[in-house]
Amino acid sequence: MEYNFIEIEKKWQNNWKDTNAYQVSNDSSKPPFYVLDMFPYPSGAGLHVGHPLGYIASDIYSRFKRLKGFNVLHPMGFDSFGLPAEQYAIETGQHPATTTQKNIATFKDQLDKIGFCYDWSREIRTSEPDYYRWTQWIFLQLFKSWFNPQSKKAESIQTLVQQFETLGSENFSAEEWKSFSKNKQQDILMQHRLAFSAFGEVNWCEALGTVLANDEVVNGVSERGGHPVIKKKMRQWYLRITDYADRLLEGLNTVDFSDSMKEMQRNWIGKSEGCEMDFEVANQIGNNDAFKIKVYTTRPDTIFGVDFLVLAPEHDLVNQITTEAQRGSINEYLTYVKSRSDRERMAEVKQITGCFTGAFATNPFNGKQIPIWIAEYVLAGYGTGAIMAVPCGDQRDFLFAQHFNIPITNIIGNHFDGTQANPTKDATLQASDFLNGLLMKDAIKVAIEKIESLGIGKRKVNFKMRDAGFSRQRYWGEPFPIRWEDGMAIATEESQLPLELPHVEKYGPGPEGEGPLANIESWKNEKFETSTMPGYAGSSWYFLRYMDPKNANTFCDKKVSDYWGQVNVYIGGTEHAVGHLLYSRMWTKVLFDLGYIGFDEPFKRLVNQGMIQGSSRFVYRIKGTNEFVSFGLKENYETDELHVDVNFVDGIELDTTAFSNWKPDYANASFILEEGKYLCGVEVEKMSKSKFNTVNPDDLVLKYGADTFRMYEMFLGPIEQSKPWDTKGIEGVHRFLRKLWRLFNDDLKGKVWNDETPTDAELKILHRTIKKIEADTENFSYNTAVSAFMVCVNEMSDLKCHKKSILEQLLVLLMPYAPHISEELWHQLGHTTSILDAAYPVFEASYLVESSKSYPISINGKLRTNIEISLAAEQPEVEQIVLNNEIVQKWLEGNAPKKIIFVKGKMVNVVV
RNA sequence: GCCCAUGUGGCGGAAUUGGUAGACGCAGCAGACUCAAAAUCUGCCAUUCGCAAGGGUGUGAAGGUUCGAUUCCUUUCGUGGGCACCA
C-alpha cells in the first residue's frame with residue numbers, strides 16, 4: 001500500500017468536519033488555553049507561502065496543548081475593512097463588500113486545504129455589522145470616558161462634569177463652568193475625552209482631492225499620478241493613548257514578549273524626563289509685550305552652552321518673530337518644508353537645512369542674546385516644537401552650528417575637542433555660573449530646581465508617542481456613531497447601533513478632502529461624521545469577540561471572558577510591533593478600567609514569526625529592443641532589469657519558451673545565451689505579486705500534501721527568523737513522511753507493523769525523541785523538532801523496528817505537525833477513536849542513562865582525540881587516563897602539562 | 001537618520017547555560033538495483049597541504065577577555081524589517 005496523501009487528507013478533513021472535531025465549548029472541566037493568530041487582511045492576491053507560516057506554528061501549538069489536556073480556543077477571522085479593497089473599488093467600480101466576500105472565500109478555501117484546527121463556528125469579520133456594531137459601541141465608551149490622572153484610570157466623563165460643577169479646574173471656577181455656554185462646555189470636555197476630535201495635519205493631494213497615507217507619498221508627490229502633496233490641517237478624531245503611556249510601559253513588565261519587541265514599544269512610547277523653559281523674544285510687529293518661546297529640553301544642565309534656538313517650521317510664533325529683512329528667505333524655506341514628507345525630514349539629516357528668523361531670544365540666566373532659527377529637523381509634534389541648541393553637547397546641534405557658522409560656546413573644557421559634540425553626561429561643567437564644578441548628570445536636578453524657583457519653567461515628562469489618529473477620509477471602514485450639531489459632537493444612542501455603512505455610488509473623495517460619505521445626501525442631512533475609523537479599530541478588540549462571537553447583547557459576556565482570560569499565546573509578524581499591539585493593549589486597559597473585562601493586558605505571551613521572503617529573478621532587456629541578455633553578459637549592454645515570474649525559472653536558468661508565452665510583448669523575444677543557457681539575476685525581496693516571486697501553497701499541497709507542506713514550512717528555519725523561500729527542499733520532508741509510512745506498510749507486502757516487544761535500543765531512541773519533541777514544541781523550535789523526527793525515523797528504519805508500541809507513541813508526537821498521516825496510521829494500528837485526543841507520551845529518563853562517554857580531549861583548546869571514560873570518573877582518575885594516552889603524550893613532547901581542565905560529562909583540556 | 005533584528009559550507013539551517021563547529025535536509029558526485037526510468041538503498045561532500053597517517057585555516061571584518069569564544073566585550077561593515085492614513 002502506498003502513501004496516498006491526497007485521499008488520506010481528504011478523508012480525514014471530511015471526518016473532522018463531520019464530527020465537529022475542532023468545535024470548542026465555553027463550558028469545560030479542562031483548563032482553558034487560548035492560542036491566537038493575527039487575523040489576515042483578505043487581499044485579492046490570495047495566500048502565498050509566507051502567510052501560513054505563523055498559522056502552522058500556532059496550529060501545532062494548539063494541537064499540542066489539546067493533547068496535553070487543555071480546552072484550546074483557536075479561532076480565525078478576517079480583518080476585512082481596509083484601503084486596498086477601496087482602491088480596487090475605485091478602479092473597477094465593484095463594491096468592497098463584494099470583493100471582500102470573494103477574497104475571504106478564497107482565503108478560507110486555501111486555509112482549509114492545509115488542515116488547520118480552527119473552530120470556524122467562531123469566525124468573525126470586522127466589516128460585518130454584527131461585529132462593527134461593537135466596535136462602534138466601544139468607541140462610544142471611549143468617547144464618553146476620560147482618564148482621571150488621580151486614579152490613573154478611565155472613568156465616565158460624568159465624573160469630570162461633577163468635578164467641574166463642584167470644584168472647577170485650574171483654569172476656571174465651578175461658577176464659571178456653570179455660566180459657560182453648552183458649546184464651550186462641550187469644547188472643554190472634548191479636551192479630556194479618550195476619543196476626541198481636534199485639528200491635525202494630513203498629507204493633502206490637491207490633484208487627487210484626497211488625503212494620503214505616508215506610504216502613498218514618495219519624494220513629496222503622490223505615488224499614484226505623481227501630483228504634489230502638502231500638509232493640510234483638518235478636523236480629525238484621535239485616541240488619547242498618551243494618557244495611558246505610563247501604564248503601557250508598566251504593563252510590559254507583566255507580559256512575555258521578546259526583549260526586542262518590548263524595546264520597540266518602549267522606544268515608540270519614548271518617555272523622557274526634562275523640563276520646559278521660557279525664552280523671551282522681542283516683538284517685531286507691534287509694541288506689545290515680548291513673546292515667550294517655550295522650549296523642551298532633557299538637558300537643562302547645559303543652559304549656559306545654548307548658542308541658538310531652533311523652532312519647528314510649523315511653530316505658531318514663526319510668523320510673528322521673523323524680521324522684515326528675513327521674511328523673504330523664511331517664506332522660501334517654509335515652502336520648501338511643506339513639500340517634504342515626514343520620512344524625508346527624518347532621514348536626510350546629512351543635508352543640513354535651516355533659516356535664520358532675524359530674531360533673538362534672551363537666555364534667562366545670563367542675558368545673552370541668542371539667534372532664533374527654524375529648521376526641519378525640529379518636529380512640531382514633539383515636545384513644544386522648539387529646542388535650545390547646545391552645539392558642544394549635541395551632535396545635531398553641532399553640525400548645524402558648523403554649517404551656518406554659528407559660534408560655539410564650550411562649557412565642558414577639554415571634554416569638548418571642537419571637532420564633534422560630546423553628548424555624554426559625565427563631564428564637569430565650567431563657565432556655567434551656579435552649576436560650575438558639577439558633573440552634568442548631577443547638574444540636571446539642580447538646574448531644574450533653579451528654573452522652577454525662578455518661575456521660568458517646570459519639570460516635564462514627555463513622550464515621543466502622539467495621540468493616535470483615529471479617522472480616515474475613506475469609505476471602507478466603520479462609520480463613527482457621531483453626529484455634528486452646532487459644532488458639537490453628539491453620540492448616537494447605543495440602542496441605535498450598528499450605524500450601518502451606507503452604499504455609495506462612487507468611492508472617490510468628497511468635497512474639501514472629506515471622505516466618500518460626504519457625497520451621500522441623506523448622510524449629510526443627518527449630520528453624521530463623514531470620515532470612518534482606521535484599519536486598526538476592528539483589530540483592537542477582536543480577540544475578545546472570538547470568546548463569545550454570537551452574543552447579541554454585549555461585545556463579550558464578562559463570565560465568558562473571565563473563563564478564557566488573556567490570550568495565552570499570540571502569534572504574528574513584527575510589522576505590528578508598535579501599531580496594532582499598542583492600540584489593542586490600550587483598548588483592553590480602558591475596557592478593564594470601565595469594568596467590562598477582568599484583565600488589563602490582552603496577550604500574555606507573544607511569538608513573532610519572521611517573514612518568508614521571496615527570491616526574485618530578473619531578466620535583462622537591451623534598451624529599446626526586445627532582446628534579452630543573460631546575466632553574465634549584461635555588462636556589455638545597456639539594459640533594463642525586469643522581474644520575471646519565478647515559476648519560469650529552474651534555479652537561475654530561465655525557461656525561455658515559458659517566458660515567451662508569458663506576455664504578448666515577449667512572444668518574439670530573442671535571447672543572448674551564455675553556454676547555451678539564459679541565466680537570471682537573483683535578489684531576495686518581500687514576497688509580493690508585483691515582484692512575480694510568490695509561490696502558491698495550493699500547488700504544493702496538491703503535489704506533496706498538506707502534511708509535507710506544514711512540516712516543510714516549519715523545517716525552513718527558526719520561526720522568528722526571516723528566510724527566503726526555496727521550493728526545492730520540500731522533497732526531503734516528503735521523503736521523510738514516505739519513510740515513516742514504510743515503517744507501517746510495505747508497497748508490496750502491505751501491513752508490516754507488529755506487536756513485538758521493543759528492545760532497549762528502540763526505547764532509548766523513542767524516549768530521546770519524546771524528550772526533544774516535547775521541549776522543542778513548547779519552545780516553538782519547530783525546525784529542530786522536524787529534524788528530530790527525521791533522526792528518529794532514520795534510526796527506526798535502520799533497526800527495522802515495526803513495533804506498534806513504539807510507533808503509536810511516535811504518531812502522537814507527530815500529530816500536531818502532520819495530523820492527516822498520523823490519524824490515518826493511528827487507525828491502521830487498530831484505534832477507533834481520533835488521535836486528536838490521544839494521551840501524550842510520557843518521557844522516562846531511565847531509558848537514557850549512560851555509564852560512559854567518549855570525552856573530547858583538547859590540547860591547548862584544540863581537539864586532538866576522543867577517549868571513552870566512565871561518567872563516574874573524577875578528575876585524578878581522568879588525568880591518569882588522559883596522560884597515559886599515546887596521542888596526548890605525542891603533543892606533550894615529554895613536558896609536564898601546566899594544567900588539566902576537566903568538566904565532568906563535557907570535555908578535557910590539557911594546557912601545555 | 002532613528003529603532004529592532006540578523007550575518008556559520010554551493011543553499012536552508014544545527015550547536016539548551018562559554019566546552020567535539022557544520023546535526024537534519026536540499027543540491028552535487030560516485031555506486032547498487034533496473035532493459036530503461038521512477039522509487040529505494042549505500043558511500044562521499046567547509047577549505048587547503050598530503051598517496052596516507054596527519055597537519056594548517058575557518059562562524060561578515062578588526063581587536064579584546066578566557067585553559068577554551070559561533071556564544072561575552074569594544075569598534076566596524078553588509079543585509080532585512082519598522083518609523084504613526086498599508087494592514
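Just so it is clear: chains get the letters A, B, ... in the order the sequence lines come, proteins before strands, and each one is counted from 1. Scope of the values below: all heavy atoms of this structure, side chains included, with no hydrogens, waters or symmetry mates.
- For A:H734, the ring pair (Phe, Tyr, Trp, His ring centres under 6.0 Å) partners are A:F5, A:Y704, not counting sequence neighbours.
- Closest contact between the side chain of A:L863 and the listed nucleotides B:G12, B:A14, B:U20 involves B:U20.
- Every residue two or more places apart in sequence or in another chain that forms a salt bridge (Lys or Arg N to Asp or Glu O under 4.0 Å) with A:K271 is listed here: A:D246.
- Closest to the A:P84 side chain, of the nucleotides B:G55, B:C86, B:C24, is B:C86.
- Both A:Y583 and A:Y41 lie near RNA chain B, and the one whose nearest nucleotide falls closer to the 5' end is A:Y583.
- No contact: A:R266 has no heavy atom under 4.0 Å from any strand.
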Tabulated below should be each protein N or O lying under 3.5 Å from an N or O of nucleotides 38-41 of chain B; please produce it.
unit_1: B:A39; atom_1: O3'; unit_2: A:R738; atom_2: NH2; d: 3.1
unit_1: B:U40; atom_1: OP1; unit_2: A:R738; atom_2: NH2; d: 2.8
unit_1: B:U40; atom_1: O3'; unit_2: A:R742; atom_2: NH2; d: 3.4

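- Counting only heavy atoms from C-beta on, A:S260 has its side chain closest to B:A5 among B:A84, B:C67, B:A5.
- Applying the ring pair (Phe, Tyr, Trp, His ring centres under 6.0 Å) test to A:W204 and every residue at least two apart in sequence or in another chain returns nothing.
- For A:F107, the ring pair (Phe, Tyr, Trp, His ring centres under 6.0 Å) criterion is met by no residue, not counting sequence neighbours.
- Taking only side-chain atoms of A:K906, from C-beta outward, the nucleotide of B:G19, B:A87, B:C4 with the closest atom is B:G19.
- Side-chain to base pairing of A:N267 with B:C3: no donor and acceptor N or O lie closer than 3.5 Å to each other.
- Using a 4.0 Å cut-off between charged nitrogen and carboxylate oxygen, A:E795 and A:R768 count as a salt-bridge pair.
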Using the 3.5 Å cut-off, write out each protein N or O paired with an N or O of nucleotides 43-48 of chain B and the distance between them.
none

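- Across all strands, A:G82 comes closer than 4.0 Å only to sugar-phosphate atoms, never to a base (heavy-atom distances).
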